[in-house]
Amino acid sequence: MKDYDPSTIEAKWQRRWEEAKAFETDLKKAKDPYYVLVMFPYPSGDKLHVGHWYNFAPADSYARFMRMHGNDVLEPMGFDAFGLPAENYAIKSGIHPDTSTRSNVQTMVKQLRRMGCMYDWSKMVNTSSPEYYRWTQWLFLQMYKHKLAYKKEASVNFCPQCQTVLANEQAQDGKCERCGTPITQKSLAQWFWKITQYAQRLLDGLEDLDWPDKTKLMQKNWIGRSEGINFRERVKDLDIEFEVYDSIPQTFLAQTFTVIAPEHPLVPKLVAGTSYEKPVMEFVERIRRKKLADKFKIEEEAEGIFTGRYVDNPFGTGDLPIWVCSYVLADYGTGIVNCSAHDERDFAFAKKYNIPLKVVLLPKDHALAEKVKNLEVFYREPDGIIQTPGAAFGMTWEQSRKRVIDYIEMKGFGTTRVHYRLRDWLISRQRYWGAPIPIVYDPEGNPHPVPEKHLPWLLPEDVEFKPTGKSPLTYSKEFIKRTENLFGKGWTPEFDTMDTFVCSSFYYLMYLSSEGFGMQAPHFSETGEGKGERNHLIDPHVERTWMPVSMYIGGPEHACMHLIYARFVMMALKDAGIVSHEEPFQRLVHQGLITNKGAKMSKSKGNVVSPDALVERHGSDAFRMYLMFMGPFTDGGDWSDTGIKGIDRFVQRIFRILPEKMNKKCEQSSALRSGLHRTIKKVTEDIAALRFNTAISALMELLNSMERETAIPLETALTYVKLLAPLAPHIAEELWEMLGGKGFVIDQKWPTFDPAFIKTDTLTIAVQVNGKVRGEIEIPADASKEDVLKAAKDQPNVRKFLEGHALKKEIYVAGKLVSLVV
RNA sequence: GCCGGAGUGGCGGAAUUGGUAGACGCGCACGACUCAAAAUCGUGUGCCGCAAGGCGUUGAGGGUUCGAUUCCCUCCUCCGGCACCA
């Protein structure tokens, strides 16, 4: 028997699959659509690494498993090709991002093909191709049309390294999501998408999604729904009213001052024409400058200045001085907050500026209570006791909440309101390698959408890549000339491009779009270009049948970025009547992260592991099975190739034992039959739950027992090959052919098990005495409880431990064990 | 600080409506084959014991139970997320 030689056999089956167009899915004819999607990769110069394999290969095994269950499976692949790395590479090397991206895509497609996954390459997408970003721009126009896109000046996150603004979601831990540089705050006019309008729907929708609880919780926290009171208040001596948001209204009688954000438009009005105007406006300007100069760090100590104005406090607890204060957020709540002794920051701020405080909550502990009363220590605990006279007196902080809210509403001081932490999505980027925002400005500076007939609104070529804080597109003469030619003299284009997360917020629809109505037949090209022109984003029939994505697999790092943007865009498209579903991804699974020496693989750390050499030596099947066998798919782990040998041996043994032991005439032994059905059950359940590691170990166990048989019937061998097919597709096809199977094994029906065959005639029961295992007994499967207990007590070693003791209790767990207590 | 998750042999890991902890694999040791090595195959692999058998054990400590990796409490360590959101 020859050894299994992956290089020839894998190439052979990849060719056969392709010739038969085995993995091209007819979207319109599908009866049982099942959409398996992995988060599409960035076409980086690092090429395909072990992490991609760890993600893609199990996803493919699952897709194959679903196909063998009779589903019409779509498993597409594409590239999230816009973005900073290609542009940074261009700055360094002078090579145009389009050139390097095309070449990277070509290399990666080649590598991906060698994996032998069921990718339907006819549907490939590349977000940087004009055929694709035409739709990214179309999406922008839809958002603009439905008043979900707007431009405003706001304090935004800015990365001094990348020289661009970033969305809230991309400022992680105060650092740039891409390069790790500390983020600064800057006030700039930028384009936003109104994701906040969907806050409640994004929250409610989570309920019915089959997603990891952790991810749902992260989105929930990110949306940050908070219920509280909006107080209506008046400025004393001025005809100005405003609202103040308070999510913990229990303190309202303790409030002694009010703070307002420096950027708040009310600030100038408060101080206009008074002696406070000059110092206050200087203070505001100083904070603004700090933000402009990238020097404003949020963790710095709070600063503030008195405005000379007071709130005409309706509660009758005295007027509240109004302070401008650096720690107040302009875009959360109303930008104005009432302060009390029972908030830690307010407490510190008041002490710093000698603002009077009032205590309304005391701990039960007397010594501590004295300190709290004397304002020596800050205090706020759920079990603190309310001291203010009235309905809430004597209640705990926690209990009093509802009572206080009812009282406030009854008195008409304010009304309950809901606020969200979620901010609008900042989509402008001052970078080159992205989809240009399809907006032009008239000579007065008013924005106008670029008409759809001019899409794609092409990304100009004649630019300067160097990041200067100015959008690279401003250097393009062609871009400016193009705008003036089309719209008239003095018109200028928007120079910013869109966040790449816009491109990826709807790509799952683009995979489905290549066969829609009114579109030319698609054709595949190495770069993913060449999709025909069409008038609709997606065929409604195809969208109805194929959405939402049945199984979506990707990293957990996207929980509050891509995964929330995509949901928002889908909802907006639904409201615009473009799609019928509200949620894009029904089931979501996060693969684990593969690290190297404990660190995330990255080019800068130089610890990226290339799979190419291992695939060359052991084959795609062995390598993917090794990755799946390492541990649970959702766990990941530190990279090591020790142990791939075990899978290599397994593969070679399958290839040897199956043909060697197969005997068409032999009978199936009852032990083998039982083992086979047990394995079918285990493998079926495990793959369905993405527990590939235990599915593989079950197949190893069955192989071990088959090896002990003198011969195995053909049917058993064929069933084994089918069970193997999702996990090791090439070997399975080869064996299927060798054993005389018809067609592709991937087109066979998945085996089913018969519970009757799993049962065995005798069972082994453990016998415990006082909780310790003292022996084992063999019993017939249908033995009665009495017989089992009798046999247990007769077991010689058990008897030894029972002698001389009175039996207190006897427990029989059917089919498992007997527990005796003396 | 707040919210999650996880700690099992030399290693990756298996087993949870509470029921024989360590499946499967790696590594290691010994043996077979070989002039030899690699590959392959066999046996063993928590501790004591030739064995029968005994003892121990799932981060630490306590609790519930006939029985706890699994449930409860306290603590330790690690990982992930959020963090001037009033």
Side-chain angles (χ1 to χ4, degrees), chain A residues 3 172-174 212-222 224-226 228 244-249 251 255 259 297-302 325-329 331-340 342-349 380 419-423 556-557 559-560 590 593 595 598 626 629-632 634-638 640-650 652-653 656 691 693-704 707 764-776 796-797 800 808-822:
Chain A
D3 279 357
Q172 295 173 349
D173 207 14
D213 288 339
K214 189 185 164 154
T215 311
K216 290 197 203 179
L217 188 68
M218 275 168 68
Q219 286 210 353
K220 196 181 155 206
N221 291 341
W222 188 259
R225 184 191 157 101
S226 138
V244 172
Y245 178 66
D246 195 344
S247 73
I248 41 171
T251 54
Q255 291 167 354
V259 288
K297 300 273 177 347
I298 52 175
E299 59 273 14
E300 270 172 23
E301 202 185 340
C325 175
S326 67
Y327 68 70
V328 185
L329 300 170
D331 54 357
Y332 182 78
T334 62
I336 312 176
V337 187
N338 284 354
C339 300
S340 78
H342 297 292
D343 178 277
E344 207 159 1
R345 282 156 312 168
D346 298 347
F347 185 84
F349 185 79
R380 182 174 93 199
H419 282 273
Y420 301 90
R421 215 197 297 249
L422 186 71
R423 303 299 159 74
E557 67 274 16
C560 294
H590 298 304
L593 178 70
T595 55
Y626 173 61
F629 189 61
M630 270 172 62
T634 49
D635 279 12
D638 204 45
S640 152
D641 60 5
T642 62
I644 193 165
K645 212 170 172 179
I647 292 291
D648 207 75
R649 281 183 195 145
F650 175 52
Q652 296 293 346
R653 286 176 65 226
R656 197 185 65 240
R691 291 190 300 252
N693 53 334
T694 47
I696 293 171
S697 72
L699 285 169
M700 285 174 169
E701 282 177 83
L702 183 59
L703 186 70
N704 290 345
E707 196 178 19
T764 308
I765 303 283
V767 185
Q768 295 183 340
V769 181
N770 284 353
K772 292 205 170 184
V773 180
R774 295 304 181 182
E776 279 180 357
N797 197 53
K800 212 168 81 192
K808 276 201 212 148
K809 205 173 190 177
E810 39 187 43
I811 295 154
Y812 173 50
V813 182
K816 296 248 162 120
L817 62 68
V818 170
S819 184
L820 302 169
V821 187
V822 293

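Just so it is clear, the values below take in all heavy atoms, side chains as well, and ignore hydrogens, waters and symmetry mates. In the text below, chain A, chain B and the rest are named by the order of the sequence lines, each starting its count at 1.
- We find the OG1-CG distance between A:Thr694 and A:Leu699 to be 10.0 Å, quoted to the nearest 0.5 Å.
- Taking atom CZ on A:Arg423 and atom P on B:C84, their separation rounds to 9 Å, with Å as the unit.
- A:Trp222 has its CH2 atom 10 Å from the C1' atom of B:A83, to the nearest Å.
- Closest approach of A:Thr634 and A:His590 over heavy atoms only: CG2-O, 3.3 Å.
- Searching all strands for a Watson-Crick or G-U wobble partner of B:U58 with both distances below 3.5 Å returns nothing.
- A:Lys214 places its NZ atom 12 Å from the P atom of B:G4, with the value rounded to the nearest Å.
- Taking atom P on both B:A86 and B:C78, the two are 30 Å apart, rounded to the nearest angstrom.
- Side-chain to base pairing of A:Arg649 with B:C41: no donor and acceptor N or O lie closer than 3.5 Å to each other.
- Taking atom P on both nucleotides, B:A39 is separated from B:C28 by 10 Å, rounded to a whole Å.
- Here A:Leu422 contributes atom CG and A:Gln219 contributes atom CD; the two are 9.5 Å apart, rounded to the nearest 0.5 Å.
- Phosphate proximity of B:G56 to A:Lys772: present, with a side-chain N or O under 4.0 Å from OP1 or OP2.
- Nucleic acid contact class of A:Leu820 (heavy atoms, under 4.0 Å, all strands): none.
- Between A:Met218 and A:Arg421, the one whose closest nucleotide on RNA chain B sits nearer the 5' end is A:Met218.
- Rounded to an integer number of Å, the gap from CD of A:Gln652 to P of B:U40 is 9 Å.
- Rounded to an integer number of Å, the gap from A:Leu217 CG to B:C2 C1' is 12 Å.
- With rounding to the nearest 0.5 angstrom, the CZ atom of A:Arg691 is 11.0 Å from the OG atom of A:Ser697.
- Comparing A:Arg653 and A:Thr642 against RNA chain B, the residue whose closest nucleotide sits nearer the 5' end is A:Thr642.
- Comparing the same atom, P, in B:C82 and in B:G56 gives a spacing of 47 Å after rounding to whole Å.
- Of the P atoms belonging to B:G13 and B:G61, the separation is 24 Å, rounded to the nearest Å.
- Taking atom P in both B:A21 and B:G42, one finds a spacing of 28 Å when rounded to whole Å.
- Note: CG (A:Asp346) to C1' (B:C84) measures 10 Å, nearest angstrom.
- To the nearest whole angstrom, the two C1' atoms, one in B:C48 and one in B:C71, are 34 Å apart.
- Residue contacts for A:Leu329: at a heavy-atom cut-off of 4.0 Å it reaches a base atom on one of the strands shown.
- When the P atom is used for both B:A60 and B:U70, the distance is 11 Å, rounded to whole Å.
- Residue contacts shown for A:Val328 include a base, since a base heavy atom lies under 4.0 Å away.
- Under the Watson-Crick or G-U wobble criterion, with both distances below 3.5 Å, B:C85 is left unpaired in every strand shown.
- At the heavy-atom level, A:Asn797 lies under 4.0 Å from the strands shown only through sugar-phosphate atoms.
- Note that OH of A:Tyr626 and NZ of A:Lys645 are 12.5 Å apart. Values are rounded to the nearest 0.5 Å.
- The nucleotide B:C30 finds its pairing partner in B:G42, both defining distances of the Watson-Crick or G-U wobble pair being shorter than 3.5 Å.
- Counting only heavy atoms from C-beta outward, the side chains of A:Cys325 and A:Phe349 approach each other to under 4.5 Å.
- Nucleotide B:G80 is matched to B:C3 when pairs are restricted to Watson-Crick or G-U wobble geometry with both distances under 3.5 angstrom.
- With A:Gln255 as the partner, the side-chain hydrogen bond (donor to acceptor under 3.5 Å, both in side chains) test is satisfied by one option alone out of A:Asp246, A:Asp343, A:Asp346: A:Asp246.
- Both distances falling under 3.5 Å, in either a Watson-Crick or a G-U wobble arrangement, occur for no nucleotide opposite B:C50.
- The base-pairing partner of B:A23, taking Watson-Crick or G-U wobble contacts with both distances under 3.5 Å, does not exist among the strands shown.
- Between A:Lys645 and B:C26 there is no side-chain polar atom (N or O) within less than 4.0 angstrom of OP1 or OP2.
- For A:Ser247, a side-chain nitrogen or oxygen approaches OP1 or OP2 of B:A86 to under 4.0 Å.
- OP1 and OP2 of B:C82 both lie 4.0 Å or more from every side-chain N or O belonging to A:Lys220.
- Between the P atom of B:G12 and the CZ atom of A:Phe650 lies a distance of 22 Å, rounded to the nearest Å.
- Rounded to whole Å, the separation between the P atoms of B:A68 and B:G81 comes to 37 Å.
- Base orientation of B:G22: anti, the glycosidic angle falling outside 90° of 0.
- With a 3.5 Å ceiling on both atom-pair distances, B:A36 lacks any Watson-Crick or G-U wobble partner.
- Partners of A:Glu810 under the side-chain hydrogen bond (donor to acceptor under 3.5 Å, both in side chains) rule, at least two apart in sequence or in another chain, are A:Lys793.
- Going from atom NE2 of A:His342 over to atom P of B:A86 covers 17 Å, rounded to whole Å.
- Taking CG of A:Asp635 as the reference point, atom CG of A:Leu593 lies at 11.5 Å (rounded to 0.5 Å).
- With a cut-off of 3.5 Å on both Watson-Crick or G-U wobble distances, the partner of B:G67 is given as none.
- Using the six-membered ring where Trp is involved, A:Tyr245 and A:Tyr332 have ring planes that are perpendicular, over 60° apart on the 30 and 60° scheme.
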Study note, to complete from the structure: Once base and sugar-phosphate atoms are separated, protein heavy atoms under 4.0 Å mark nucleotides 13-24 of chain B, 5' to 3', with B, S and - as SS----BB--BB

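- When the side-chain nitrogen and oxygen atoms of A:Tyr332 are compared with OP1 and OP2 of B:A86, one or more of them lie within a distance under 4.0 Å.
- A donor and an acceptor atom, one from each side chain of A:Asn704 and A:Arg653, are located under 3.5 Å apart.
- No contact: A:Arg380 has no heavy atom under 4.0 Å from any strand.
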